[in-house]
Amino acid sequence: MQVHQIIRSRPNADIVTVVPGTKVGDAARVLAERRIGAVIVSKDGKKPLGILSERDIVRDLGRRGPACLDEPVDTLMTRNLVSCAPDDLADTVLERMTAGRFRHMPVMEGGKMIGIISIGDVVAARLSELAMEKDALTGMIMGN
Ligand code: AMP
C-alpha cells in the first residue's frame with residue numbers, strides 16, 4: 001500500500017497549517033478544535049517550515065510553565081522535517097516514524113505539500129489491508 005492511497009481514502013484530508021508567528025496557545029487551540037496531534041507551520045500552506053506537535057507543547061509546559069503559550073510557534077517547532085512522497089510504501093513510512101520517534105509526516109510532491117499522514121492513518125490502513133488479505137486467503141483455503 002502506498003501513501004497516496006492512504007491520504008486519498010482518509011476523510012477530512014485537508015492539511016491544517018498555522019503561519020509563522022502564531023502564538024503557541026493559539027496553535028494548541030487549533031489542535032484541540034481539529035482533534036489532531038500536530039500542525040504544520042507554513043506561510044503559504046504549500047512549503048512546510050516546521051511542525052509543532054502536542055509533545056512539543058507539553059514538553060515546554062512541563063519545563064517552563066504556561067509562559068510558552070504566549071510565544072510564537074517558531075520557538076518550539078521542529079524545523080528539520082522528515083517528509084514522505086505519495087509513492088512511498090506505508091511500511092517504509094511506519095519504519096521511518098518508529099525510528100525517528102514521531103507520528104506525523106508531510107507528504108511532498110514537486111516541492112509542494114499535498115497532505116499530512118499520521119501513524120494512526122498508516123496503522124488503520126495496514127490493518128484493513130491485512131484483514132482483506134486474511135479474508136482472501138481464508139476464501140481460497142475454504143474454496144469460496
Ligand atoms: P509527534 O510524535 O509527531 O507528536 O512528534 C514528536 C516530536 O517529533 C516533536 O518534537 C515533533 O515536533 C517532531 N516531529 C513530528 N513530526 C516530525 C517529522 N515529520 N519530522 C521531524 N520531526 C517531527
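Everything quoted here is computed from the prediction, not taken from an experiment. Start at 1 and go down the list; that is how both ligands and their atoms are numbered.
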For this session: State, to 0.1 Å, how close Ile116 and His104 come at their nearest heavy-atom pair, and which atoms those are.
Result: CD1-CB, 4.4 Å
Problem set entry | Contact summary for Met97 and Ser118, nearest pair of heavy atoms | CE-C, 4.0 Å
Exercise. Using a side-chain heavy atom cutoff under 4.5 Å and only I, L, V, M, F, W and Y, what cluster partners does Leu130 have?
Worked result: none
For this session: Give the protein residues with at least one non-hydrogen atom closer than 4.0 Å to an atom of ligand 1, ordered by chain and number.
Result: Ile51, Ser53, Arg55, Asp56, Arg59, Thr78, Asn80, Leu81, Val82, Arg101, Phe102, Arg103, His104, Met105, Pro106
Identify all side-chain donor-acceptor contacts of residues 82-93 below 3.5 Å with residues at least two apart in sequence or on another chain.
{"unit_1": "Asp88", "atom_1": "OD2", "unit_2": "Ala85", "atom_2": "N", "d": "2.9"}
{"unit_1": "Asp88", "atom_1": "OD2", "unit_2": "Arg96", "atom_2": "NH2", "d": "3.2"}
{"unit_1": "Asp91", "atom_1": "OD1", "unit_2": "Arg126", "atom_2": "NE", "d": "2.9"}

Exercise. In the hydrophobic cluster built from side-chain contacts under 4.5 Å, what are the other members alongside Leu69?
Worked result: Val16, Val18, Val24, Val30, Leu31, Ile36, Val39, Val41, Leu49, Leu52, Ile57, Leu61, Val73, Leu76, Met77
Exercise. Closest heavy-atom contact between Gly115 and Ile7?
Worked result: CA-CD1, 4.5 Å
